[in-house]
Amino acid sequence: MKNGPVAVVAAAVLWGTAGTAGLLVSADSIALAAARLVIGGAALALFAGAGIGRALRRPSLLLAAVAVAAYQLCFFAAVARTGVAIGTVVAIGSGPVFTGLLSWAMHGQRPSVRWVLATAAAVAGCVALIAGGGAQAGGQVLSGVLFALLGGLLYAFYAVSAARAIGRGAPSGAVMGVLFGGAAVIMLPVLLWQGLGWLAEPRGLLAVLYLGLGTTALSYFLYGRGLRTTPVATAATLALAEPAVAALLGLVVLGERLAPISIAGLGLLAVSLVVVALPEAKSSPAVGAREVARATGR
């Protein structure tokens with residue numbers, strides 16, 4: 001798989017820094033997410049250049065762009081109803097599962113037994129890691145869980161759609177430009193509605209520029225590069241490195257403490273990601289590079 005898994009994990013590392021960077025901003029979480037997506041999406045669209053015109057001819061990518069924007073709204077709706085811990089676990093943890101199922105249902109790409117076992121272990125590690133934080137759920141748990149599951153499904157849909165387009169020969173940069181450039185257009189009214197006054201603070205402006213250019217534009221550029229050679233279900237599982245990085249940053253930068261269950265979850269997650277990143281003994285070298293590629297689990 002060459003350097004595909006490395007690019008995906010690098011993207012997940014960048015995603016994992018978003019929470020710490022977001023603490024520097026006083027804005028509402030929805031406004032912050034909208035600003036991040038508008039800045040990052042615009043950067044990806046500009047970077048794609050002329051290639052974005054050809055990618056726009058694929059209707060599935062336009063629908064996937066809607067899914068990118070809808071994912072943000074579903075995630076924050078879930079967190080508002082269930083609390084950070086449950087909303088994050090369900091949304092992020094269900095992403096790889098939905099990705100594997102969609103790849104199988106839509107393209108006949110049945111996940112391997114090793115992927116199933118490693119992904120189950122990784123999700124369990126993610127649950128233990130976040131549960132150790134002791135966050136409590138809100139009052140509307142059922143509706144929040146449903147929003148989180150819908151978010152996981154939306155993530156899987158746009159990841160599989162991007163993977164299929166890349167597998168058919170579309171430049172990964174152009175594909176990400178369409179997905180996130182389109183989502184930026186959709187989220188711009190949300191950003192304007194939330195207000196822009198908080199961007200006048202230098203610290204807040206620098207933080208949101210990092211969130212947009214670093215944790216969105218650069219990360220999804222790397223993710224798209226990884227999708228060229230990495231099966232979609234494998235990449236979705238590798239993306240679970242995100243909460244592990246966030247937890248480590250909380251430990252080192254913010255002075256937080258990890259409960260024993262979180263430490264155990266971190267170890268289980270790390271081992272699972274190593275297992276899923278190893279190439280399959282009998283995998284086809286064409287996987288992820290042709291029409292039936294499984295090139296992509298947030």
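This structure is a prediction, so every number in the text was calculated from the model and none was measured. Atom set for the values below is all heavy atoms of this structure, side chains included, hydrogens, waters and symmetry mates excluded.
No hydrogens or angles considered: nothing links the side chains of Thr234 and Trp115 as a donor-acceptor pair under 3.5 Å. Side-chain polar atoms of Thr237 and Thr119 form a donor-acceptor pair below 3.5 angstrom. Side-chain atoms of Thr99 and Tyr155 include no donor-acceptor pair closer than 3.5 Å. One side chain, Ser172 or Arg228, offers a donor N or O that lies under 3.5 Å from an acceptor on the other. Side-chain atoms of Thr215 and Arg36 form a donor-acceptor pair, as typed in the model, at a separation below 3.5 Å.
You'll find the side chain of Ile39 stays beyond 4.5 Å of the side chain of Leu211, heavy atoms only. Between Leu248 and Leu266, some side-chain heavy-atom pair lies under the 4.5 Å cut-off. Considering only heavy atoms from C-beta on, Val275 stays 4.5 Å or farther from Leu117 through its side chain. Annotation: side chain of Leu273 is not in contact with side chain of Val9 (no heavy-atom distance under 4.5 Å). Looking only at side-chain heavy atoms (C-beta outward), Leu63 and Ser161 stay at 4.5 Å or farther from each other. Counting heavy atoms from C-beta on, the side chains of Leu73 and Met187 come closer than 4.5 Å. Within the 4.5 Å cutoff, no side-chain heavy atoms of Leu150 are placed close to those of Tyr71. Using a 4.5 Å heavy-atom threshold, the side chains of Leu179 and Tyr220 count as separate.
Here CD of Gln72 is found 5.5 Å from CG of Leu37. Values are rounded to the nearest 0.5 Å. Taken from CG in Leu269 to SG in Cys126, the straight-line distance is 6.5 Å, to the nearest 0.5 Å. Here the CD1 atom belonging to Ile30 is positioned 5.5 Å from the CD atom belonging to Gln194, to the nearest 0.5 angstrom. The OH atom of Tyr158 sits 8.5 Å away from the CE atom of Met176 when rounded to the nearest 0.5 Å. From Thr216, atom OG1 reaches atom CG of Leu14 across 9.5 Å, with rounding to the nearest 0.5 Å. Atoms CG and CZ, on Leu218 and Phe47 in that order, are 10.0 Å from each other to the nearest 0.5 Å.
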Practice task
Verify side-chain contact (heavy atoms from CB on, under 4.5 Å) between Val276 and Leu238, making sure each step is shown before the conclusion.
Solution key: CA-CA 7 Å; Val276 82; Leu238 290 173; 3.5 Å; yes

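In the hydrophobic clustering of ILVMFWY residues, with side-chain heavy atoms under 4.5 Å counting as a link, Leu62 and Ile52 come out together.
Taking a 6.0 Å sphere around CZ of Phe147, one finds it holds 12 or fewer heavy atoms contributed by other residues, nucleotides or ligands.
Ser219 pairs by the side-chain hydrogen bond (donor to acceptor under 3.5 Å, both in side chains) definition with Trp15, not counting sequence neighbours.
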